[in-house]
Amino acid sequence: MLRALLFDVDGTLADTERDGHRPAFNAAFREFGLDWEWDVELYGKLLAVTGGKERMRYYVDRFRPDYAKPADFDDLVVELHRAKTRHYTRMLAEGGIPLRPGVRRLLAEARAAGLILAVATTTTPDNVTALLRHSLAEDGPDWFAVIAAGDIVPAKKPAPDIYTWTLDRLGLVAEECLAFEDSSNGIRSSQGAGLKTVVTVNDYTRDDDFTGAVAVLSDLGEPDAPYRRLDRDETGVVDLERLRAWRRG
Ligand code: XBP
Ligand code: MG
């Protein structure tokens, strides 16, 4: 029986990366007087690494051989990340970033049907709360039985740990759940935890490897704007009936 839906956040619930996280990183860099500037294309490359602190370290190691790391570089990364989170949550509060097509509709249907909702993401907990509160509903965070986020597991996606942690917390096994992801790092993580996974792509992840996905979609679809399936010729709307049919396979 399908008991729970587990959602990634960035790129899945909302298109937060290009116009949310990226400018928030840039604002933090400016605040600290750094000449780092992540444009849209570079950010696509940096998304290979999940986690904001991990991404900044990767940027310096891979793209800034000219940068002389100070002795307290690890502390600087933590400070930068704190500033970035402040900028990002303020952007969301200021009217931010809308949910992707079909997300609110499916969450509401699942909730009304008594299914359990959960979040499994590498982003910082404050970011998730801000998005759910400002883009879903004032009580949006309360819609979710578990919000697993950020550093609660040391190994971020593509490691399966965040999904395994979520399943443990819910007291459910993978067969009772479906996951929703937007990236290859994400689906490696969810499938690594044994979860069947529905993918909705975005501009950064369209060409990712989604082998094993239940379905690869443009988005979850709305009645007046159906999804387009990328892995076969099909359009439609993702609702519970369709999810149950896909799950049965
Ligand atoms: C999301 C991430 C996060 C965000 C930034 O990946 O990788 O790092 O880009 O958030 P996923 P933080 O969608 O697979 O969870 O800066 O708070 O880490
Ligand atoms: Mg994602």
Side-chain angles (χ1 to χ4, degrees), residues 6-29 31 36 38 40 42-59 76-92 96-97 99-100 103 118-132 144 146-166 179-193 195 197-210 213 216-217 219-220:
L6 278 51
F7 290 87
D8 170 51
V9 174
D10 296 305
T12 300
L13 294 184
D15 266 322
T16 47
E17 293 291 9
R18 196 190 73 174
D19 300 328
H21 290 293
R22 186 185 65 85
F25 280 112
N26 286 332
F29 301 153
E31 189 182 322
W36 306 352
W38 292 357
V40 170
L42 171 62
Y43 195 67
K45 295 184 185 137
L46 299 176
L47 283 173
V49 173
T50 61
K53 295 188 286 291
E54 293 83 350
R55 190 168 299 144
M56 284 187 272
R57 285 193 211 102
Y58 173 68
Y59 167 69
L76 174 63
V77 167
V78 170
E79 289 299 318
L80 279 169
H81 194 247
R82 201 167 287 146
K84 177 260 169 178
T85 300
R86 177 164 37 77
H87 289 291
Y88 180 76
T89 52
R90 190 188 314 121
M91 285 166 59
L92 291 179
I97 299 181
L99 299 177
R100 294 191 63 191
V103 168
V119 156
T121 176
T122 66
T123 200
T124 303
D126 284 354
N127 298 346
V128 184
T129 313
L131 181 75
L132 296 177
F144 295 83
V146 170
I147 295 181
D151 297 325
I152 52 163
V153 293
K156 292 187 174 164
K157 299 175 187 178
D161 304 35
I162 193 76
Y163 277 103
T164 309
W165 193 94
T166 306
F180 295 80
E181 275 288 354
D182 71 302
S183 69
S184 64
N185 277 331
I187 194 173
R188 281 166 67 197
S189 173
S190 57
Q191 292 191 148
L195 288 153
T197 305
V198 175
V199 171
T200 51
V201 301
N202 56 58
D203 286 346
Y204 276 132
T205 64
R206 206 168 299 282
D207 297 325
D208 280 10
D209 177 7
F210 294 118
V216 183
L217 312 168
D219 50 66
L220 295 176

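Counting convention: from 1, in listed order, for ligands and their atoms alike.
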Which one of Asp126, Asn127, Thr121 satisfies the side-chain hydrogen bond (donor to acceptor under 3.5 Å, both in side chains) criterion with Thr123?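 Of the listed options, the one satisfying the test is Asn127.
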
Within the stated cut-off of 2.8 Å, is an N/O/S atom of Asp10 closer than that to the Mg ion (ligand 2)?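 Of the N, O and S atoms in Asp10, at least one lies under 2.8 Å from the Mg ion (ligand 2), which means yes.
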
Under 4.0 Å to a heavy atom of [X] - the qualifying atoms of ligand 1, by number:
| X | answer |
| --- | --- |
| Phe25 | 16 (O) |
| Asn127 | 17 (O) |
| Thr50 | 7 (O) |
| Asp10 | 1 (C), 3 (C), 4 (C), 13 (O) |
| Gly51 | 2 (C), 3 (C), 7 (O), 8 (O), 18 (O) |

Does ligand 1 have any atom that is closer than 4.0 Å to a heavy atom of [X]?
| X | result |
| --- | --- |
| His81 | yes |
| Lys156 | no |
| Tyr43 | yes |

I'd like to check whether [X] has a polar contact with ligand 1, where a contact means an N/O of the residue lying under 3.5 Å from an N/O of the ligand.
| X | value |
| --- | --- |
| Thr122 | yes |
| Leu47 | no |
| Lys84 | yes |
| Asp8 | yes |

Tell me the angle that OD1 of Asp182 and OD2 of Asp8 form around the Mg ion (ligand 2), rounded to 10°. 80°

Between Arg18 and Asn202, is there a side-chain heavy-atom distance shorter than 4.5 Å? no

Audit row: Arg100, Asp182, salt bridge (Lys or Arg N to Asp or Glu O under 4.0 Å) steps and yes/no: CA-CA 11 Å; Arg100 294 191 63 191; Asp182 71 302; over 6 Å; no

Do Lys156 and Asp161 meet the salt-bridge criterion of a basic N to acidic O distance under 4.0 Å? no

Test: Glu54 and Arg57 ion pair at under 4.0 Å: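 No, this pair does not count.
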
Step-by-step side chain to side chain donor-acceptor pair (under 3.5 Å) determination, Asp209 to Ser184: CA-CA 6 Å; Asp209 177 7; Ser184 64; over 6 Å; no

May I ask you to decide if the ring planes of Phe25 and His81 are parallel, tilted or perpendicular, using 30° and 60° as cut-offs? tilted

How far is atom 17 (O) of ligand 1 from its nearest protein heavy atom, and which residue and atom name does that atom have?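 The closest one turns out to be Thr124 OG1, 2.6 Å.
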
For ligand 1, is any non-hydrogen atom under 4.0 Å from Arg55's backbone (N, CA, C, O), its side chain (CB onward), both, or neither? side chain

